[in-house]
Enquirer: 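Below: one structure in structure tokens.
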Amino acid sequence: MTVAKTSVLVLDCAEPEALAEFYATLLDARTQPGADPDFIEVVGLDGAHLAIRRDHGLAPPSWPRPDDSQQAHLRLLVARHDMDEAEREAIGLGARPLDTKDNGGPGDVRIYSDPAGHPFSLAVRRDRPRC
């Protein structure tokens, strides 16, 4: 029998309360404290699930990343007609633009850093064919 599992992406930062609130607002989600006081989950109504963990010795990620580093980022999918509004919302919440030069069109991907320095992108969601 396979053990039931749930996956969650964990972002490390110095101030988890502030970063959890940033993502909860951006994703229209709620925060939920974990059993560990340095761990906060962000749970969205549409299934988004990530967590923020305090790391006192964290060195923030850099962008562009060094050639020899591995780095993950969140990719938030947005309807094409909502992309500019999603960008205004993210920046209004404290995101910092890193690479937004290719705005527009079906391949529109805009890269930002969250308030703790983690990169994330807004990307046009591909329309699903209707049956």
Side-chain angles (χ1 to χ4, degrees):
M1 180 168 113
T2 302
V3 175
K5 300 170 186 73
T6 300
S7 63
V8 60
L9 175 66
V10 179
L11 299 175
D12 295 336
C13 70
E15 298 178 23
E17 297 84 4
L19 191 60
E21 190 59 38
F22 169 82
Y23 279 109
T25 303
L26 185 64
L27 298 171
D28 194 23
R30 62 181 170 79
T31 61
Q32 175 177 305
D36 177 342
D38 289 334
F39 190 87
I40 302 171
E41 292 182 71
V42 178
V43 182
L45 300 175
D46 66 350
H49 195 165
L50 61 108
I52 313 298
R53 185 184 72 87
R54 184 182 320 276
D55 182 343
H56 296 284
L58 179 74
S62 63
W63 190 272
R65 65 182 181 197
D67 291 337
D68 60 347
S69 74
Q70 293 182 342
Q71 189 167 307
H73 75 275
L74 294 174
R75 183 172 207 153
L76 306 176
L77 304 177
V78 178
R80 181 184 336 270
H81 64 274
D82 290 334
M83 185 63 104
D84 290 337
E85 180 61 28
E87 178 176 61
R88 284 189 291 276
E89 182 180 346
I91 291 170
L93 291 169
R96 185 172 56 90
L98 297 176
D99 183 357
T100 59
K101 66 181 177 288
D102 294 326
N103 294 356
D108 192 357
V109 177
R110 305 174 192 184
I111 303 170
Y112 309 86
S113 67
D114 67 24
H118 302 99
F120 73 93
S121 63
L122 295 174
V124 170
R125 176 177 50 229
R126 182 181 297 192
D127 294 329
R128 295 184 178 141
R130 297 180 188 204
C131 299

Enquirer: Do you reckon Phe120 sits in the same ILVMFWY cluster as Leu9, going by side-chain contacts under 4.5 Å, direct or chained?
Expert: yes
Enquirer: Rest of the hydrophobic cluster containing Val43 (Ile/Leu/Val/Met/Phe/Trp/Tyr, side-chain heavy atoms under 4.5 Å)?
Expert: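 Noted: Val43 shares its cluster with no other residue.
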Enquirer: Taking only residues two or more places apart in sequence or in another chain, which ones pass side-chain contact (heavy atoms from CB on, under 4.5 Å) with Ile91?
Expert: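 Per chain and number, Ile91 pairs via side-chain contact (heavy atoms from CB on, under 4.5 Å) with Glu87, Pro97, Tyr112.
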Enquirer: Look at atom CD of Glu15 and say whether more than 12 heavy atoms of other residues, nucleotides or ligands are closer to it than 6.0 Å.
Expert: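 No, CD of Glu15 has 12 or fewer neighbouring heavy atoms, counting only those of other groups under 6.0 Å.
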Enquirer: For Ala116, check side-chain contact (heavy atoms from CB on, under 4.5 Å) against everything at least two apart and list the hits.
Expert: Cys13, Leu19, Asp114, His118
Enquirer: So which heavy atom on Thr25 is nearest to which on Glu89, and how close?
Expert: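 Where Thr25 meets Glu89 most closely, the heavy atoms are O-OE2, 3.8 Å.
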Enquirer: Considering residues, nucleotides and ligands other than Asp36, do more than 12 of their heavy atoms fall under 6.0 Å from its CG?
Expert: yes
Enquirer: Please find the pair of heavy atoms, one from Phe39 and one from Ala51, that lie closest to each other, and give the distance.
Expert: CZ-CB, 3.3 Å
Enquirer: Apply side-chain contact (heavy atoms from CB on, under 4.5 Å) to Ala79 and list each qualifying residue two or more places apart in sequence or on a separate chain.
Expert: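 Partners of Ala79 under the side-chain contact (heavy atoms from CB on, under 4.5 Å) test: His81, Asp82, Arg125.
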Enquirer: Can you tell me how far apart CG (Leu76) and OH (Tyr23) are? Round to the nearest 0.5 Å.
Expert: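 Leu76 CG to Tyr23 OH: 7.0 Å, rounded to 0.5 Å.
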Enquirer: Indicate the atoms forming the closest heavy-atom contact of Ala20 with Ile40, along with that distance.
Expert: CB-CG2, 3.7 Å
Enquirer: Among the clusters formed by ILVMFWY side chains lying less than 4.5 Å apart, do Val42 and Leu93 turn up in the same one?
Expert: yes
Enquirer: For Val109 and Ser121, work out which heavy atoms get closest and say how close.
Expert: CG1-CB, 3.9 Å
Enquirer: Go through the structure and list residues passing side-chain contact (heavy atoms from CB on, under 4.5 Å) with Glu85, not counting sequence neighbours.
Expert: Arg88
Enquirer: Where is the tightest heavy-atom contact between Leu98 and Pro119, given as atom of each residue plus distance?
Expert: CD1-CB, 4.4 Å
Enquirer: Could you walk me through whether Asp108 and Arg80 pass the side chain to side chain contact (heavy atoms under 4.5 Å, CB included) test, one step at a time?
Expert: CA-CA 8 Å; Asp108 192 357; Arg80 181 184 336 270; over 6 Å; no
Enquirer: Under the salt bridge (charged side-chain N to carboxylate O under 4.0 Å, His left out) rule, collect the residues that match up with Glu17, sequence neighbours excluded.
Expert: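 Counting only residues at least two positions away or on another chain, Glu17 forms a salt bridge (charged side-chain N to carboxylate O under 4.0 Å, His left out) with Arg54.
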Enquirer: Using the rule side-chain contact (heavy atoms from CB on, under 4.5 Å), only one of Ile111, Val78, Leu74 pairs with Leu122; which is it?
Expert: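 Option passing the side-chain contact (heavy atoms from CB on, under 4.5 Å) with Leu122: Val78.
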Enquirer: For the atom pair CG (Asp12) and CZ (Arg53), what is the distance rounded to the nearest 0.5 Å?
Expert: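 Rounded to the nearest 0.5 Å, the CG-CZ separation comes out at 4.0 Å.
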Enquirer: Supply the atom-to-atom distance Met83 CE to Leu77 CG, rounded to the nearest 0.5 angstrom.
Expert: 9.0 Å
Enquirer: To the nearest 0.5 Å, tell me how far Leu45 CG sits from Leu27 CG.
Expert: 10.5 Å
